[in-house]
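Written out below as structure tokens is the structure these notes cover.
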Amino acid sequence: MFAVVTTVILYVFGFVFLYGVIRLGVRHAFEDLELQRAKAQREEELAAARDRSFMRDNAFLAGS
């Protein structure tokens, strides 16, 4: 009887521990995703600014 109770307790704590590890991993994945989105948006804004300044400096190439 003691072995059954001990086994059930260990399984329950194991599942709780596994849930915590998975939740922590998912949270870190979402944080990394958010950082990548911000970085991509920043790079896009910088590229647009470079294009605008290039066209302003070299208007003869743009055909304007």
Side-chain angles (χ1 to χ4, degrees):
M1 187 65 171
F2 177 72
V4 172
V5 171
T6 304
T7 304
V8 169
I9 290 172
L10 287 177
Y11 271 119
V12 168
F13 283 122
F15 284 128
V16 169
F17 177 75
L18 184 61
Y19 172 76
V21 169
I22 291 172
R23 186 172 177 184
L24 184 66
V26 169
R27 182 175 8 148
H28 282 288
F30 278 129
E31 288 174 356
D32 289 345
L33 178 66
E34 201 59 38
L35 288 175
Q36 290 293 343
R37 284 182 183 170
K39 183 179 176 183
Q41 183 180 7
R42 178 71 178 143
E43 289 176 359
E44 185 178 332
E45 291 170 355
L46 287 175
R50 276 194 307 264
D51 288 346
R52 283 192 301 273
S53 67
F54 178 80
M55 291 300 176
R56 185 174 48 246
D57 294 341
N58 301 299
F60 63 93
L61 294 175
S64 305

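For the numbers below, each heavy atom of this structure counts, side chains included, while hydrogens, waters and symmetry mates do not. Remember, it's a predicted structure, so these values are computed and weren't measured experimentally.
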Pair up each side-chain donor or acceptor in residues 5-12 with any protein partner under 3.5 Å, not counting sequence neighbours, and list the distances.
{"residue": "Thr6", "atom": "OG1", "partner": "Phe2", "partner atom": "O", "Å": "2.8"}
{"residue": "Thr7", "atom": "OG1", "partner": "Ala3", "partner atom": "O", "Å": "2.6"}

Throw together a table of side-chain donor-acceptor distances under 3.5 angstrom for residues 31-54, partners on residues two or more places apart or in other chains.
{"residue": "Ser53", "atom": "OG", "partner": "Ala49", "partner atom": "O", "Å": "3.3"}
{"residue": "Ser53", "atom": "OG", "partner": "Arg50", "partner atom": "O", "Å": "3.0"}

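The hydrophobic cluster containing Leu61 also contains Met55, counting ILVMFWY residues as joined when their side-chain heavy atoms lie under 4.5 angstrom apart, directly or transitively. In this structure, Phe30 is a member of the same hydrophobic cluster as Ile22, with clusters built from ILVMFWY side-chain heavy atoms closer than 4.5 Å.
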